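The block underneath contains the structure these notes are about, expressed in structure tokens.
In this text the structure is predicted, and so the values were computed from the model without any measurement. Chain A is the first sequence line, chain B the second, and so forth, proteins listed ahead of strands; every chain is numbered from 1.
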Amino acid sequence: MPLKVYNSYTRQKEIFTPITPGHIGMYVCGPTVSGESHLGHARPYITFDFIYRYLTFKGNKVRYVRNITDAGHFEEEGREAEDKVTKKALLEKLEPMELVQKYTNLFHWAMLQFNCIEPAIEPTATGHIVEQLNMIETIIAAGYAYEVNGSVYFDVKKYAATHDYGKLSGRIIDDLLETTRELDGQEEKRDKADFALWKSAAPEHIMRWKSPWGEGYPGWHIECSAMATKYLGAEFDIHGGGMDLQFPHHESEIAQSTICNHHQPAKYWIHNNMITVNGRKMGKSYNNQIRLTDMFNGTHPLLTQPFAPMTIRFFILQSHYRSPIDFSSEALQASEKALKRLWEAYEVLQKLSVPADQAAGDAEMDEKIVKLVNELEEFMDDDFSTAKVLANMFDLAPIINSIKDGHIPISAVSTATLQLLQNSFKIYLEDILGLKDTTANDNNALDGVMQLLIDIRKEAKSKKDYATSDKIRNQLLSLGIALKDEKDGNMSWNIE
RNA sequence: GGUCCUGUGGCCGAGUGGCUAGGCAAAGCUCUGCAAAAGCUUCUACACCAGUUCGAAUCUGGUCGGGACCUCCA
């Protein structure tokens with residue numbers, strides 16, 4: 001079955017065909033490490049993580065490149081046209097690279113919490129100044145950029161005369177909002193639509209590099225173009241990022257790369273939608289961000305409790321990546337419970353076993369299971385519909401639990417079907433959706449203690465000493481350990 | 001102002017013109033010493049108005065509401 005993806009560039013779902021069969025180049029805009037990641041940042045990285053996982057599952061070798069923006073984008077509208085990283089560094093009295101390192105480490109830690117597979121290459125902007133300078137020189141030589149007072153700007157008007165500037169973002173240059181504010185550097189530009197490739201650095205600016213136009217630092221857009229070209233070539237398969245990057249960032253990347261490489265950089269542009277708070281995009285502009293560390297700790301006025309990284313991942317998976325999701329503590333709570341239920345069914349499933357070569361005793365049930373399982377790939381092939389994948393899994397969960405409870409006899413399903421079900425749950429839940437058990441316990445001592453308590457409680461119950469059995473169960477619960485009596489007289493437990 | 005997206009049951013959210021999305025919450029039942037869990041059942045909606053169609057949540061037009069981008073932004 002062919003994979004179909006929605007290409008932002010053509011605004012339609014297309015059959016995905018890698019440029020080189022079996023190999024895929026994917027570039028995703030990474031974080032600007034001038035501050036701590038918030039909930040909104042989690043979405044693209046989780047989204048492109050399951051996309052990466054799925055492409056790999058489909059038998060492709062994927063080179064996943066995600067940059068670290070550590071040079072800081074100049075603030076085009078800022079009074080001082082200061083480098084963002086530098087500005088914060090001064091406030092915190094840290095060396096710029098010290099700050100960059102701190103937030104890079106924090107970012108990596110958060111990605112680990114979310115069970116995101118690390119990219120194959122994670123290039124930094126500061127590590128690719130040479131490549132960026134080369135690219136800028138090529139653009140100047142081609143006549144599409146000009147230098148003013150040590151800064152270099154891309155000539156959008158000239159480019160647009162012969163190229164499709166605005167196609168990706170659906171923009172018409174003449175319709176761009178007229179800004180009335182006096183902006184730094186604005187008067188240097190020949191046209192308000194022009195964007196900076198290189199900015200001359202003021203004397204107090206710490207991050208600076210030598211260039212043919214004097215000391216300065218690179219513009220934001222050029223870094224992605226330079227790194228993507230270096231590691232993935234003039235044309236690669238996928239370029240991803242948040243929808244808010246379509247303009248001007250990705251539009252500008254297209255223009256730069258097209259002039260340098262004579263080619264639109266990416267065959268497929270994939271953009272994830274935003275996470276909103278009370279209907280408003282989470283971000284700097286609205287000052288409504290919830291930092292990831294606050295999510296994990298529950299330390300934010302909007303949170304009623306801490307939320308585990310897997311809960312957040314599951315929350316994101318429950319809606320389609322191109323739909324906006326509105327954050328709320330209630331919605332997260334629902335996700336937490338749903339994930340728990342699904343995961344417990346999954347654990348039950350892995351413990352089921354049937355005799356080899358058993359035929360299906362209930363053909364209808366057997367077929368139903370096979371159908372639900374086979375649809376999983378169909379859904380993922382349809383532009384990564386993770387929400388539908390989960391819906392089918394929730395349809396399968398009661399069947400699994402019923403088999404365990406005996407409401408559905410184990411003889412109803414064939415050996416092949418049970419194995420298919422077990423394998424598929426593992427592949428989709430763990431390998432593709434990237435979920436994992438967060439309550440997993442690998443402490444042998446605790447296991448032993450729990451077994452001891454369960455034995456004592458069993459004994460008490462058999463003597464109808466309910467005072468003792470209830471005491472054990474209640475005390476454990478107050479410690480956050482839930483003990484459940486099962487049908488066969490056994491007891492199971494898990495840490496809440 | 002320009003470009004675009006969107007309005008689904010108590011809440012969150014899938015939705016390809018005709019077929020129960022799913023989750024959470026709630027209620028009832030079964031199981032159970034009690035509880036929890038689990039299973040079964042119930043609650044069955046598509047902002048409003050008009051149109052196209054045998055048939056529209058799904059297409060078209062309009063009205064009203066919400067949002068994104070046009071500035072750093074995931």
Side-chain angles (χ1 to χ4, degrees), chain A residues 11 13 28-32 34 37-48 72-78 84 166 169-179 181 183 193 220 240-249 251 271-276 278-286 289 314-315 318-320 322-328 330-342 344-345 348 379 382 385-395 397-402 404-408 461 464-466 469-470 473-474 477 482-487 492 494:
Chain A
R11 290 157 195 261
K13 275 189 204 172
V28 176
C29 290
T32 299
S34 61
S37 297
H38 60 72
L39 180 61
H41 295 121
R43 196 168 192 195
Y45 307 126
I46 290 172
T47 297
F48 289 99
H73 322 148
F74 62 90
E75 293 183 329
E76 206 171 351
E77 284 212 351
K84 200 162 72 181
S169 53
R171 217 136 300 237
I172 301 154
I173 314 178
D174 295 331
D175 289 345
L176 296 184
L177 194 70
E178 283 286 352
T179 42
R181 278 178 287 179
L183 305 176
W220 175 32
M243 265 181 182
D244 50 353
L245 296 183
Q246 270 186 12
F247 191 90
H249 187 53
E251 200 71 69
H271 293 96
N272 63 274
N273 214 314
M274 303 290 110
I275 289 182
T276 61
N278 297 322
R280 269 242 133 80
K281 173 185 163 186
M282 185 179 288
K284 262 185 273 259
S285 324
Y286 303 115
Q289 312 103 304
F314 184 82
F315 171 68
Q318 268 183 307
S319 62
H320 192 265
R322 282 191 288 112
S323 301
I325 355 175
D326 197 53
F327 159 85
S328 73
E330 295 70 37
L332 261 306
Q333 272 170 349
S335 292
E336 183 180 83
K337 287 183 182 171
L339 173 60
K340 184 166 179 266
R341 197 167 99 80
L342 189 61
E344 282 176 5
V348 164
F379 294 154
D382 184 17
S385 298
T386 54
K388 285 180 159 188
V389 167
L390 287 172
N392 265 31
M393 291 187 136
F394 276 107
D395 280 338
I399 295 174
I400 293 165
N401 287 325
S402 291
K404 183 206 170 207
D405 291 346
H407 295 126
I408 295 173
K461 275 187 73 175
K464 297 206 189 295
D465 177 6
Y466 296 124
S469 72
D470 285 352
R473 190 176 59 196
N474 293 338
L477 192 61
L483 202 59
K484 284 180 264 180
D485 290 340
E486 298 191 337
K487 268 230 154 78
S492 65
N494 65 283

Would you kindly check whether a donor in the side chain of A:D470 faces an acceptor in the base of B:rG33, or vice versa, at under 3.5 angstrom? yes
Send over the distance from A:K464 NZ to B:rU32 C1', rounded to a whole Å. 12 Å
Could you state the CG-C1' distance from A:N272 to B:rA68, rounded to the nearest angstrom? 13 Å
Look at all strands and tell whether A:H320 reaches a base, only sugar-phosphate, or nothing, counting heavy atoms closer than 4.0 Å. sugar-phosphate
Do A:K404 and A:E344 meet the salt-bridge criterion of a basic N to acidic O distance under 4.0 Å? no
Rounded to the Å, how far apart are A:D405 CG and B:rA36 P? 16 Å
Restricting to non-hydrogen atoms, name the atom on A:P31 and the atom on A:Y45 that form the minimum distance, rounded to 0.1 Å. N-OH, 3.1 Å
To the nearest Å, give me how far apart NZ (A:K281) and C1' (B:rC72) are. 9 Å
Answer yes or no: is there a donor N or O on one side and an acceptor on the other, between the side chain of A:E251 and the main chain of A:G166, under 3.5 Å? yes
Below the 4.0 Å mark, does B:rA68 have OP1 or OP2 next to a side-chain nitrogen or oxygen of A:Y286? yes
Interatomic distance where CD belongs to A:Q246 and P belongs to B:rC5 [whole Å]: 11 Å
Dot-bracket encoding of pairs in RNA chain B, which uses [ ] for pseudoknotted crossings and | for another strand, Watson-Crick or G-U under 3.5 angstrom: (((((((..(((.....[...))).(((((.......)))))....(((((..]....))))))))))))....
Within the structure, does a side-chain N or O atom of A:H41 lie under 4.0 Å from either OP1 or OP2 of B:rA74? yes
Which heavy atom of A:Q318 sits nearest a heavy atom of A:A338, and at what distance? NE2-CB, 4.5 Å
Within this structure, what is the CG-OG distance for the pair A:D485 and A:S492, rounded to the nearest 0.5 Å? 8.5 Å
Salt-bridge present (A:E336, A:K340; N to O < 4.0 Å): no
Identify all pairs in which a protein N or O lies below 3.5 Å from an N or O of nucleotides 21-24 of chain B, and state each distance.
residue, atom, partner, partner atom, Å
B:rG23, OP1, A:R341, NH2, 3.4
B:rC24, OP1, A:R341, NE, 3.3

Nearest-Å distance, CG (A:L332) to C1' (B:rC11)? 13 Å
Could one point to a donor on the side chain of A:D485 or the base of B:rC34 with an acceptor on the other under 3.5 Å away? yes
Nearest-Å distance once atom C1' is located in both B:rC29 and B:rG23: 22 Å
Is A:Q289 close to A:K284 at the side-chain level, that is, under 4.5 Å between some pair of heavy atoms? yes
Scanning both residues in full, the closest heavy-atom pair of A:F48 with A:G240 reads CZ-CA, 3.4 Å
Mind checking A:M393 for me? I need base, sugar-phosphate or nothing, with any heavy atom below 4.0 Å counting as a touch. nothing
Atom CE of A:M282 to atom C1' of B:rC69: distance rounded to whole Å? 19 Å
Would you say A:S385 reaches B:rA14's phosphate, i.e. side-chain N/O to OP1/OP2 under 4.0 Å? no
Side-chain contact, heavy-atom cut-off 4.5 Å: A:C29 with A:H249? yes
Is a donor-acceptor contact shorter than 3.5 angstrom present between the side chain of A:R473 and the base of B:rA35? yes
Give a yes or no on whether a donor-acceptor pair under 3.5 Å exists between the nucleobase atoms of B:rC4, that is its base, and the side chain of A:R171. no
Return the CG to CG distance between A:L339 and A:L390, rounded to the nearest 0.5 Å. 9.0 Å
Within the 4.0 Å heavy-atom criterion, would you say A:N401 contacts the bases, only the backbone, or no part of the nucleic acid? sugar-phosphate
So, is A:R11 near the phosphate of B:rC4, with a side-chain N or O under 4.0 Å from OP1 or OP2? no
Side-chain N,O (A:S323) to OP1/OP2 (B:rA14) below 4.0 Å: yes
Round to a whole Å and report the spacing from CG of A:D244 to P of B:rC72. 12 Å
